[in-house]
2 protein chains.
Amino acid sequence: MTSETNQNTAHPVTMRDVAEAAGVSIATVSLVVNEKKNARIGDDARKRVRDAIRDLGYRPNALAKTLVSGHSKFIGLVADAIATTPFAGQIIHGAQDEAWKHGYVLLVANTDGNADAEREAVGMMLEHKVRGILYSTWYHRATEVPAGLRETDFVLVDCYSPDDDATAVVPDEVQGGRTATQLLIDSGHRRIAMINTTTPSPAHEGRLLGYQQALAAAGIAYDPALVFDALPEQEGGYDSVEQLLASGATAVFCHNDRVAMGLYDGLRRRGLSIPEDMAVVGFDNQEVIAAHLRPPLTTVALPHYELGAKGIRLLLGIDEHRPNQLVTVDCPPVLRSSIAEAAHIAS
Amino acid sequence: MTSETNQNTAHPVTMRDVAEAAGVSIATVSLVVNEKKNARIGDDARKRVRDAIRDLGYRPNALAKTLVSGHSKFIGLVADAIATTPFAGQIIHGAQDEAWKHGYVLLVANTDGNADAEREAVGMMLEHKVRGILYSTWYHRATEVPAGLRETDFVLVDCYSPDDDATAVVPDEVQGGRTATQLLIDSGHRRIAMINTTTPSPAHEGRLLGYQQALAAAGIAYDPALVFDALPEQEGGYDSVEQLLASGATAVFCHNDRVAMGLYDGLRRRGLSIPEDMAVVGFDNQEVIAAHLRPPLTTVALPHYELGAKGIRLLLGIDEHRPNQLVTVDCPPVLRSSIAEAAHIAS
DNA sequence: ATGAAAGCGCTAACAC
DNA sequence: GTGTTAGCGCTTTCAT
């Protein structure tokens with residue numbers, strides 16, 4: 001059995017109970033509970049009501065409130081994978097904090113990318129009359145707007161509609177790539193390699209573009225021979241060491257922190273050291289890794305928390321935006337010790 | 001502005017609208033919507049209702065339903081840190097999947113361990129008349145039962161009340177420690193070291209006990225000189241290499257995967273290789289790390305997903321348990337390549 | 001300054 | 001077979 005002291009099930013204390021106990025009408029109770037400004041309640045009546053509330057352990061029923069007002073305090077968050085990485089957790093966290101700040105509660109659903117689950121999740125949220133829905137993916141990509149979403153207000157988070165017909169908030173990959181590269185340039189490097197991912201994606205395209213922009217701005221010619229593609233994991237980084245060394249680069253911008261971790265490993269096996277023999281920048285700022293590598297990895301952060309928070313603000317109309325706008329959030333540099341000299345914060 | 005096509009705000013289609021459109025009473029609509037068995041509705045009426053529902057885009061109002069029935073389909077999940085590690089995400093994921101399976105939706109709140117936020121979060125959930133609350137922490141530890149929780153059914157997840165007066169579900173640290181150690185023993189090692197954490201905790205005590213039990217069962221004398229304490233991070237592992245080597249151990253059980261990662265690093269710097277020179281087992285099964293180390297790390301998994309799912313089952317009374325029982329979930333071994341021979345699954 | 005009453009969207013007797 | 005009606009807990013005019 002599970003019911004313990006559960007006074008809740010036993011004791012559905014309602015406003016009527018409070019009214020009776022205090023010897024007033026339920027209207028009066030409502031007024032004091034909601035601290036209505038322009039409702040003058042006698043001091044004694046107010047006190048009697050307050051006492052009754054405390055004694056009976058009364059809790060207002062938010063659901064009944066919603067029925068009357070027509071507006072609920074729910075915001076739905078549907079994610080395609082809430083546990084694969086710490087990333088989705090950050091999105092939830094940001095969304096939750098921001099929603100909470102405005103008096104909203106988060107209703108979360110995980111769909112594992114399954115369309116049926118998605119339809120069901122969205123349906124469930126719609127039936128609960130959510131104020132709106134945040135639809136998020138665990139890595140930045142294009143996505144279809146799932147069926148049902150358009151029946152309410154919604155914002156895409158860390159994904160966007162290729163048809164450009166939905167408000168979305170995503171990380172600024174280009175600025176991120178520029179920032180990472182600039183860190184290396186500021187530290188004096190001219191021959192800078194990039195280990196990109198093998199899969200076409202906003203991250204692949206955007207970071208490369210940023211890399212090229214930073215190079216161009218510094219008057220360094222872009223050399224395609226310095227750009228390699230590799231699996232976006234430790235293995236990819238490890239396997240790129242040879243090419244990297246052969247390229248004559250003195251610094252490298254890795255597609256993500258995991259790639260950098262593999263690279264550290266490969267470099268060390270050859271007796272090379274970081275940053276002396278090779279300066280390294282990562283991407284993602286995956287704490288467990290970046291902060292604890294030897295030397296700690298300088299990287300660029302993926303702003304997941306901010307993505308979630310911004311999504312809420314967009315949804316609630318707190319942050320202005322044009323209809324169906326693709327809003328972009330900066331990827332800030334995180335300075336640690338894998339580049340020789342302290343670099344300036346670039347953008 | 002945020003409202004887009006939002007037909008929702010514009011169009012609160014109710015049961016009454018459907019009834020009018022179909023030319024029947026709202027009771028009839030209710031009956032067909034809920035597919036009541038023993039209610040005989042004419043085929044034509046049923047069809048007219050169905051058509052009207054489709055044409056109008058009617059969605060039942062779950063909140064109104066709740067008001068009538070008295071029971072909501074919400075389950076609250078309050079966490080002290082949903083984003084610090086992937087762990088909390090796993091708990092949410094498990095809880096969400098299981099709740100969903102039984103027709104419940106998860107309401108999540110993050111409190112950052114702040115007591116006020118906790119009170120508020122629990123209060124908010126109570127006002128939304130949740131069926132019950134899961135209270136979880138991101139690492140296994142003792143905790144106070146927050147104010148308000150006792151007003152409803154609740155289960156502690158990954159934490160427990162030292163006063164032993166609350167149902168809780170936690171990982172079986174002792175079995176986990178035994179499993180990890182057994183893996184090493186099965187592979188032929190006799191001189192097995194353990195790098196434990198410096199902080200007293202269920203993990204510290206439990207895993208050590210498991211280690212001792214496995215040793216005892218194998219007839220190996222427990223040697224305190226083989227147990228070191230270190231920071232539960234890469235740095236701790238790295239810094240333990242010297243002691244470890246001096247101890248003459250041929251295998252080591254690390255408090256967690258991060259410690260193992262640091263250890264790998266330190267071992268490699270001395271030109272030692274895994275598992276030939278030193279067999280290693282981790283704990284946690286933190287994917288990003290364990291699966292991608294060289295060689296991939298054999299470890300013992302912390303069952304966060306299962307913790308969340310089990311919490312829901314306990315809360316809903318689906319899994320039997322005694323009142324205020326401390327329920328324990330197994331930590332299964334995850335075999336990779338940091339121990340020489342394939343080991344048996346032990347417990 | 002406070003109460004009576006209508007109604008939010010829906011379900012569940014109970015009529016007809 | 002299908003409609004009527006009385007609430008569920010609450011807010012909100014409108015009286016008094």
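Because only heavy atoms are used, hydrogens play no part in the values below, and waters and symmetry mates are left out as well, while side chains stay in.
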Could you state the atom-to-atom distance from [atom1] of [X] to [atom2] of [N] in whole Å?
X: B:L63; N: C:dT11; atom1: CG; atom2: C1'; answer: 15 Å
X: B:R40; N: D:dT2; atom1: CZ; atom2: C1'; answer: 10 Å
X: B:H71; N: C:dT11; atom1: NE2; atom2: P; answer: 14 Å
X: B:L126; N: D:dG9; atom1: CG; atom2: C1'; answer: 16 Å
X: B:D17; N: C:dG9; atom1: CG; atom2: P; answer: 8 Å
X: A:N34; N: D:dT13; atom1: CG; atom2: P; answer: 13 Å
X: B:R16; N: C:dA6; atom1: CZ; atom2: C1'; answer: 13 Å
X: A:E20; N: C:dA4; atom1: CD; atom2: P; answer: 12 Å

Side-chain (A:T167) to main-chain (A:P323) donor-acceptor, under 3.5 angstrom: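 Absent.
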Nearest-neighbour nucleotide for the A:T14 side chain, D:dT2, D:dG9, C:dG9 considered: D:dG9
Residue B:V24, side-chain heavy atoms: nucleotide from C:dT11, D:dT12, D:dG3 that is nearest: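 So the nucleotide nearest the side chain must be D:dG3.
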Distance flag, aromatic centroids of A:F74 and B:F74, threshold under 6.0 Å: yes
Lys/Arg cation over aromatic A:F154: A:R150, 6.0 Å, 45° cone: no
Below 4.0 Å: OP1/OP2 of [N] and any side-chain N or O of [X]:
X: B:S30; N: C:dT11; result: yes
X: B:K36; N: C:dA12; result: yes
X: B:S25; N: D:dT2; result: no

Contact summary for A:L156 and A:S161, nearest pair of heavy atoms: CD2-N, 3.6 Å
